[in-house]
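One-based numbering along the sequence shown.
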Amino acid sequence: MATFRKICRWLFGLSITVEIVNGLGDGAFRTSLTLKDFKEQLAQQEAKEARVRGRDDGLELLYPPHTIQVPIDHFHNDSIYEPHSDGTFPLQYWFDASHYKKGGPIIVLQGGETEGVGRLPFLQKGIVAQLAQATNGLGVILEHRYYGKSIPTPDFSTENLRFLTTDQALADQAYFAQNIVFPGLEHLNLTSHKNPYIAYGGSYAGSFVAFLRKLYPDVYWGSIASSGVPEAIYDYWEYYEAARIYSPKDCVVATQKLTHMVDKILLLNKTNTPETAQRLKTAFGLGNLTRNDDFANTISSGIAGLQGLNWDPAINSTDFGFYCSNISSTSILHPQTASLESEARALLTAGGYASEVDTLTPQLLNYIGYVNATTVSHCRRRSQDDCFTNYNSTFYRQNDLKQTWRLWSYQYCFEWGYLQTGSGAPESQLPLISRLIDIPFLSTVCREAFNITTPSQVERINKFGGVNISYPRLAHVDGEWDPWRAASPHRIGLPERENTLSQPFILIEGGVHHWDENGLFRNETTKELPPRPVKDAQSQEASFVKEWVKEWHRAHKKGRRGW
C-alpha cells in the first residue's frame, strides 16, 4: 500500500516544475470536443504525417499492415443505411504469430476511435502480447471502420458517414473472425470456426467488445471490456465526478469556488454587468474573446486532465498535476500576475467570495497564470476568437478525408452522447466546470457539421443492457478513479458483482482509464512499475483467459459451440 501511495504522488506530479503536456493524444477517449480541439487534431495529424514521411515507423516494420475486404453495408434491411451499398472496403489489421502454437486462441484487440497503428505497442508488450504469451495465442490489432486507413467512402460527408455506426463495426469484427486468412499462415484454418476467439477493448472499444460477445456469442468465445462504457448517456455531467471524489481535496475546492465565481460574473444579473464580465476575461488575458461561453470553456480544461494519468511514464500526462499544483497553492507562482492582485480581489468580491478573498486571491492569480502558460500563450498571429471559439460554420462544412475530427464526433452526436456539461451538475453541488458549458454549446458540432438537432440516439447503444450488461465469459476491468466509471458496470451505487471465472469483475485500485492495456518489457520493470493493482489485474486476465481456452477445447470436442 505504501508503494501504491508513492505511485499516486508521482502520477499527480504536484510540482510547479513538471512538464506541460498538451493535446488529446492517440486514442484519448473524450467527447464534448470543441472547434479548438478539432483544429489541434488536424495540426497533430499533419505533424505526424510529416514525421512518417521522414522516417520508417519501427513498429510497422515489425508488424506490417494487412487488409481484409469486408462489406461496407452489413444490414440491407435497415433503412438508416439507405441508399445501401453492395461494395466492400479494406479493413486494416496487424498481427503477431510469434507466440502461436496449435490450439492457442486468436486474441483480437479492437482499435476503437483512432487509427489502429497507435495500438501496436499493445501487440508488442501490452495486454495482447501478455495474453498471447500466456496462452500460445496469435495477437491481432483490428482497426475500426473509417479510422486510419480503413476508409469505406470517398469523403466524410454526413451522407457518407451513415455507415459509421457501432452495429456496422461490430459486424466487421465478426466477419473478420469468420473469414480471415493470415498471410504466411494460409495452410492453417485460423477462423472462429476452428479456433477460440477472444476480444479485448479499452474505453469505447471496451463497450464494443462487450456488445460483440453478447451479439456474436458463437464467433467470439470471450471478451475483456477494459474501462468499457456500455451505458450511453446524453448529458454526461458525471464525467467530472471522479475528479471531485478522488482528486486532492484542495484542488477540488479551489476549482469549485473559482468556477462558481466565474459563473456568478458571467451569468449576468443586476450586480454583475457585461463590463464586469469583460474585466474577468481581460484578467485572464482573454479580453479579445467575444463570447462568454467560449471563455468559460477555454479556461476549464485543467480539471479534465485526470483521465490522462497513467502508471506508465511513457504514457502518463503531467497536465493534471501541473493544474492542481497551480490552483491549490496559496503562494503566487507566476510573478507576472502579481500586478493583478487588486483586480483579482475585486473580481472575487463581485463573484460572491468577499469573505474568502485573502485565501482565494493567490489561487485565482495562479489560475490566471496557468491559463496563460498552457493556453493563451499558444494563440499567436491569430485573433482570440479564431483560436478559441466553438463557432465557425465554414470550418464545420469541411468533409474531405483529412477531416478526421468528424468521425468520433459523428458517432457521439448520432448515438453515443456523453456531452460533458457543467450545467448538468445538481444545483446543490458546485460544478468543476462552468455551467455555461451546456448542451447547446457542446452540441454545436452536431448541428453545424451533421445537421443533427436532436439528442443522440442512446437507445441504439443501451439496447445491449447498459451498466447492467453481463454475459458468460465477459470480463469487466475498470479503474477506481476513471472519469468514465459512472457509465460502466462499476458505477458507484450499483450492487457489487461477484468476481467469477465466468464473469470476471475487477476494479483496479487507484486506476484511471484502461490501465491494464499497456505493459513494459521485462528489463523496463521495477519494484514499483507496473504498480501492484495493475499487475494483479493483468495476472487475473491471463489466468481466466487460459481457463476460457480450455473450456473452448472441451466444448469443441463435444461438438458444442457458444452458449
Side-chain angles (χ1 to χ4, degrees), residues 20-24 30 32-44 46-47 255 258-259 261-268 272-305 319 322-323 326-327 334-340 343-344 346-347 350-351 364-398 403 405 409 420-422 433-438 440-445 447-449:
I20 303 172
V21 180
N22 293 300
L24 293 170
R30 290 294 308 279
S32 298
L33 301 176
T34 63
L35 187 59
K36 175 178 175 290
D37 300 313
F38 300 141
K39 288 181 177 179
E40 288 178 355
Q41 286 180 14
L42 289 175
Q44 291 169 3
E46 291 176 359
T255 300
L258 294 179
T259 298
M261 177 273 294
V262 166
D263 276 357
K264 291 195 73 171
I265 291 175
L266 297 183
L267 296 170
L268 308 178
N272 290 313
T273 64
E275 289 73 24
T276 311
Q278 182 61 41
R279 287 173 59 191
L280 176 67
K281 290 191 283 188
T282 299
F284 272 87
L286 290 164
N288 294 319
L289 188 54
T290 303
R291 297 180 61 106
N292 288 348
D293 53 2
D294 282 331
F295 168 74
N297 183 66
T298 300
I299 68 172
S300 72
S301 62
I303 196 67
D319 285 5
F322 185 73
Y323 168 75
N326 273 260
I327 205 164
H334 301 268
Q336 69 273 22
T337 65
S339 62
L340 294 171
E343 182 70 342
L347 290 169
L364 175 56
L365 292 175
N366 291 335
Y367 191 11
I368 290 169
Y370 165 84
V371 170
N372 272 270
T374 61
T375 305
V376 178
S377 62
H378 297 164
C379 182
R380 302 184 181 95
R381 300 181 183 176
R382 290 187 291 164
S383 72
Q384 290 188 337
D385 281 338
D386 187 39
C387 286
F388 304 122
T389 189
N390 193 34
Y391 303 90
N392 184 331
S393 296
T394 301
F395 178 90
Y396 287 124
R397 283 196 293 267
Q398 298 176 102
Q403 311 306 318
W405 58 268
S409 55
Q420 296 149 22
T421 69
I433 64 169
S434 170
R435 292 189 186 274
L436 273 73
I437 304 174
D438 56 14
F441 178 80
L442 293 176
S443 61
T444 299
V445 62
R447 297 187 303 274
E448 294 283 336

What residues, two or more places apart in sequence or in another chain, satisfy side-chain contact (heavy atoms from CB on, under 4.5 Å) together with [X]?
| X | value |
| --- | --- |
| Ser377 | none |
| Gln336 | His334 |
| Asn390 | Thr34, Leu35, Asp294, Tyr396, Phe441, Thr444 |
| Leu340 | Leu365, Ile368 |

Closest approach of [X] and [Y], non-hydrogen atoms and distance?
| X | Y | answer |
| --- | --- | --- |
| Arg279 | Ala346 | NH2-CB, 3.6 Å |
| Ile437 | Ala296 | CD1-O, 4.0 Å |
| Gln384 | Val376 | NE2-CG1, 4.3 Å |
| Thr276 | Ala350 | CG2-CB, 4.1 Å |

Look up atom [atom1] in [X] and atom [atom2] in [Y], then write down how far apart they are to the nearest 0.5 Å.
| X | Y | atom1 | atom2 | answer |
| --- | --- | --- | --- | --- |
| Gln398 | Phe38 | CD | CZ | 12.0 Å |
| Thr389 | Asn297 | OG1 | CG | 9.5 Å |
| Ile299 | Ser434 | CD1 | OG | 7.5 Å |
| Asn292 | Gln278 | CG | CD | 8.5 Å |
| Leu280 | Ile265 | CG | CD1 | 5.0 Å |
| Thr259 | Leu436 | OG1 | CG | 11.5 Å |

Next on the checklist: Could you check whether any side-chain N or O of Asn272 sits under 3.5 Å from a backbone N or O of Lys264, counting only pairs where one atom can act as donor and the other as acceptor?
Outcome noted: yes
Checklist entry - Would you say Glu343's side chain and Thr282's backbone share a donor-acceptor pair under 3.5 angstrom? => result no
Next on the checklist: Test of understanding: with salt bridge (charged side-chain N to carboxylate O under 4.0 Å, His left out), list the residues that count as partners of Asp293, not counting sequence neighbours.
Outcome noted: Arg291
Can you check whether [X] reaches [Y] side chain to side chain, under 4.5 Å on heavy atoms?
| X | Y | answer |
| --- | --- | --- |
| Val262 | Phe295 | yes |
| Leu286 | Thr298 | yes |
| Tyr323 | Thr374 | no |
| Thr290 | Phe388 | no |
| Leu266 | Arg435 | no |

Checklist entry - Side-chain donor-acceptor pair under 3.5 Å between Arg397 and Ser393, yes or no? => result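 Looking only at side-chain atoms, Ser393 and Arg397 do not form any donor-acceptor pair under 3.5 Å.
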Checklist entry - Are Leu33 and Val445 close enough, and set up right, to give a side-chain contact (heavy atoms from CB on, under 4.5 Å), and what steps lead you there? => result CA-CA 8 Å; Leu33 301 176; Val445 62; over 6 Å; no
[X]: partners by side chain to side chain donor-acceptor pair (under 3.5 Å), with sequence neighbours left out:
| X | result |
| --- | --- |
| Ser300 | none |
| Tyr370 | none |
| Ser409 | none |
| Asn288 | none |

Checklist entry - Salt bridge check: are Lys36 and Glu40 linked by an N-O gap of less than 4.0 Å? => result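 A salt bridge links Lys36 with Glu40.
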Item to check | Any pair counted as salt bridge (Lys or Arg N to Asp or Glu O under 4.0 Å), so long as it reaches residues 280-290, sequence neighbours left out | outcome: none
Item to check | Summary of salt bridge (Lys or Arg N to Asp or Glu O under 4.0 Å) pairs that have at least one residue in residues 385-394, sequence neighbours excluded | outcome: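 Those involving residues 385-394 are Lys39-Asp386, Arg382-Asp386.
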Item to check | Results of ring-ring contact (aromatic ring centres under 6.0 Å, His included) for Tyr367 - residues two or more places apart only | outcome: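 Partners of Tyr367 under the ring-ring contact (aromatic ring centres under 6.0 Å, His included) test: Phe284.
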